[in-house]
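For reference, the structure is listed below as structure tokens.
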Amino acid sequence: MNDVQEGLRQRVREALEEIARVKGVAVECPELVFEKPKRENQGDLSTNCAMQMCKVFGESPRALAEKIAAKVAADPYLDRVEVAGPGFINFFLSSKWMGEVLADILDKGERYGARDLGKGRRVQVEFVSANPTGPLHVGHGRGAAVGDIIANILAFTGWSVEREYYINDAGLQMDILGRSTQSRYFELDRPARSTGTGSSAPGCPSDAPFPEDGYKGEYIHDIARAIRDQEGDRFLSMPLGESHPFFKAFAVRNILDTIRQILADFGVRFDVWFSEKSLYERDLVPAAMEALKVNGFAFEKDGAVWFKATDFTDEKDRVLIRSNGVPTYFASDITYHKEKFDLGFDRVIDVWGADHHGYVPRMKAGVEALGRSPDDLDVLLIQFVNLLRDGEQVAMSTRSGQFVTLRDVLDEVGVDATRYFFVMRRSDSHLDFDLELAKRQSSDNPVYYIQYAYARVCSVLREAKARGVAVPDARPTGSAYCSDEEKRLLSRLAEFPDEAEKASRELAPHVIANYALALAGDFHSFYNAHRILGEEEEVMNARLLLVQAAGTVLRSALALLGISAPERM
RNA sequence: GCGCCCGUAGCUCAGUGGAUAGAGUCACAGACUUCGGAUCUGUUGGUCGCGGGUUCGAAUCCUGCCGGGCGCGCCA
């Protein structure tokens, strides 16, 4: 579509310039907008330029449109050109164009639709980054799906992509995690003690009280048991302060292993797991603070170090280093982002929960204060997931430790449906996730609808082979496709590169999800309306090529979504 | 109080300056003797939260209000 579009754009521009020359008016030609009209009787491509430019020319929109149309009509890629409505110019593409689209798909295969927007520039996508204090829940799952799929889309459109998980393993919460685990360890039943063998009887549960704001989930008990299985009861007689580092480290490692595993099962792989603690171990935080001071965006007051947020859009300045010497989270984050850019990334994308939206301007200000353009950082906000079962909301409460984990959802509905449901809506809108619907294997489940289309493609090609029919090598001629269903399907296939580009520019996975669904629908309609095998040879060959092309693009779209493309279901 | 996001068919949502606002779902009625019926075709459904403004043209941009969500710490 794009080459044809570019050609048309050029011809229309030339037409406008020529008209301007004849009339003797100076014209600054703006970027001409071409789009696919909503209705089929409005052609395959449309431009509104006559309406935009008519004032300059002193003509009515329709009159100008007619002049332009007359000048560009003679084109092998066009069947006809119409002026419609208030002054739209509608282009009806010819079969030559359809044949070339098909040839393009068959030539490029899985590379069809790939664009080079990134030109090889490096982008880092940081996502999930859940604190290692408990298992991932459904909200993290949505972030995982969105981040992973955005990374796929960026890679497909020419960016060099790295996926990163930021581990918040510094700070108070880690201490609380360690103490929670300690406490559970002391609470474990110990038969040896109940028989009265311990003379000094160390290690009563009351020796290690559960912290006020401790982590109450069942998984902490599991970790405590794992520690006893591995280390025995030796910590019971050790001062709490002495054993605490072990508990902390063990718990973090254990939880991170669990997180790594669930993400792997979800089809998400990270290139880098970046530790917040390492920022401190490498003394990067003071260096970053120094950089801010040098740039004039940090100062000392009341014994603390402040960020001059009021130089940006913030209403008050923000603390970086507390008066007690402990850095704030903001200081970590600025340092972390400095490190990202220092490592050579041209662009950084953070995927955050929408509850952090108030933090976005501050983070961007931080990036700017480091000397980068705030546009080098994109922050993508992910809205909450509303989990439903048969339309009824599933109760979730993090406070009580009663939340639905990503593992629960994966076990129940599977990877493919979960991924699709997480990205089927715009990321910044609330998502209703109906567990029963996601599990259903019928037409109202979009995942199966799409996969079924692909399985049908494979089935036809299998059957063709079984009958000794080969998919022809010859280039198809577009004129072989004259039915509405075939044209619609071809037109949809032609849209794929534009959709991929749009998804990449807008960081919007749902564009691909919706596209895949629409493509599957067009294929199903085509399939039901027309036979393929057993038709007269020329027709059969043309349709086989169309089926193969549809399969190729379906596979590409599913690959971007990280969803399997089953040959049989 | 200030700031951000959202409000579109009964329900879940696309559509962010264009033509008669679209899908899915629900309900009903239909469709291959042959390539997979997990499919297809059709019908029903709208003051685009409300008012004003900008524009040749507004669901889309501006503004006021109403309703919902979230955020505003020397917390993480």
Side-chain angles (χ1 to χ4, degrees), chain A residues 33 35 37-39 41-42 46-48 51-52 54-55 60-61 84-88 90 131 133 168 170-174 176 213 301-306 313-316 318-330 332-333 353-362 381 383-384 386 388 391 424-426 428-434 437 440-453 455-464 466-467 469 485 506 510-511 513-514 517-518 520-521 523-535 540 543-544 547 568-569:
Chain A
V33 177
E35 59 183 8
K38 289 176 191 161
R39 288 165 208 287
N41 62 13
Q42 293 164 350
S46 172
T47 181
N48 61 354
M51 281 131 76
Q52 285 183 319
C54 60
K55 273 189 181 168
S60 79
F88 289 100
N90 292 336
N131 293 347
T133 54
N168 292 117
L172 200 62
Q173 53 188 347
M174 291 297 101
I176 296 170
D213 42 4
K301 193 183 95 182
D302 303 335
V305 179
W306 297 72
T313 57
D314 217 334
E315 64 203 19
K316 32 193 299 207
R318 305 290 171 176
V319 171
L320 291 162
I321 311 289
R322 300 180 184 91
S323 48
N324 65 4
V326 178
T328 61
Y329 214 80
F330 186 40
S332 285
D333 278 344
D355 51 338
H356 291 86
H357 69 78
Y359 197 58
V360 176
R362 209 181 304 171
L381 298 173
Q383 273 293 357
F384 296 115
N386 190 20
L388 304 171
M424 68 196 284
R425 305 291 179 224
R426 301 171 51 93
D428 57 6
S429 74
H430 288 263
L431 174 70
D432 282 335
F433 189 130
D434 194 316
L437 174 59
R440 216 171 298 157
Q441 307 201 349
S442 67
S443 61
D444 44 2
N445 187 336
V447 188
Y448 290 95
Y449 185 83
I450 298 166
Q451 291 182 319
Y452 182 51
R456 268 184 151 173
V457 166
C458 296
S459 175
V460 171
L461 298 178
R462 255 195 320 268
E463 180 66 19
R467 295 186 191 186
V469 178
E485 291 83 4
E506 298 179 9
H510 79 278
V511 168
N514 290 350
L517 190 63
F523 179 77
H524 284 312
S525 294
F526 157 73
Y527 181 89
N528 272 280
H530 303 286
R531 289 205 54 79
I532 299 150
L533 302 177
E535 293 292 298
M540 178 174 72
R543 288 184 182 161
L544 274 174
V547 168
R568 288 188 169 84
M569 291 174 69

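The sequence lines fix the lettering, A, B, ..., with proteins before strands; numbering per chain opens at 1.
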According to a 3.5 Å limit on both distances, what stems of 3 or more consecutive Watson-Crick or G-U pairs are formed with RNA chain B?
-> B:1-7 with B:66-72, B:10-13 with B:22-25, B:27-31 with B:39-43, B:49-53 with B:61-65
[atom1] atoms of [N] and [M], separation to the nearest Å:
N	M	atom1	answer
U60(B)	G18(B)	P	11 Å
G46(B)	A9(B)	P	10 Å
A21(B)	C13(B)	C1'	14 Å
C48(B)	G22(B)	C1'	12 Å
G52(B)	C11(B)	P	26 Å
A58(B)	G67(B)	P	28 Å
U63(B)	C26(B)	C1'	39 Å
A59(B)	G7(B)	C1'	11 Å

By nearest-heavy-atom nucleotide on RNA chain B, the more 5' of Gly303(A) and Gln383(A) is Gln383(A)
Considering heavy-atom distances to RNA chain B, does Arg462(A) or Pro86(A) have its closest nucleotide positioned more toward the 5' end?
-> Pro86(A)
Determine the contact category for [X]: base if any of its heavy atoms lies under 4.0 Å from a base atom, sugar-phosphate if only primed atoms, P, OP1 or OP2 are that close, otherwise nothing.
X	value
His357(A)	base
Asn48(A)	base
Glu463(A)	sugar-phosphate

Closest to the [X] side chain: [options]?
X	options	result
Pro37(A)	A76(B), A19(B), A38(B)	A19(B)
Arg426(A)	A76(B), U16(B), C35(B)	U16(B)
His430(A)	A19(B), G69(B), C74(B)	G69(B)

Using centres under 5.5 Å plus planes under 30 degrees as the test, is Phe88(A) stacked with A19(B)?
-> yes
Contact list (N/O, under 3.5 angstrom) for nucleotides 21-23 of chain B vs protein:
residue	atom	partner	partner atom	Å
G22(B)	OP1	Arg39(A)	NH2	2.1

Heavy-atom donor-acceptor pair, Asn90(A) side-chain to A19(B) base, under 3.5 Å = yes
With side chains defined as the heavy atoms from C-beta onward, is the minimum distance between Tyr527(A) and Val547(A) less than 4.5 Å?
-> no
Note, Thr47(A) side chain near Asn90(A) side chain (heavy atom, < 4.5 Å) = no
Gap between atoms NE2 and C1', on His530(A) and U39(B) respectively (whole Å) = 15 Å
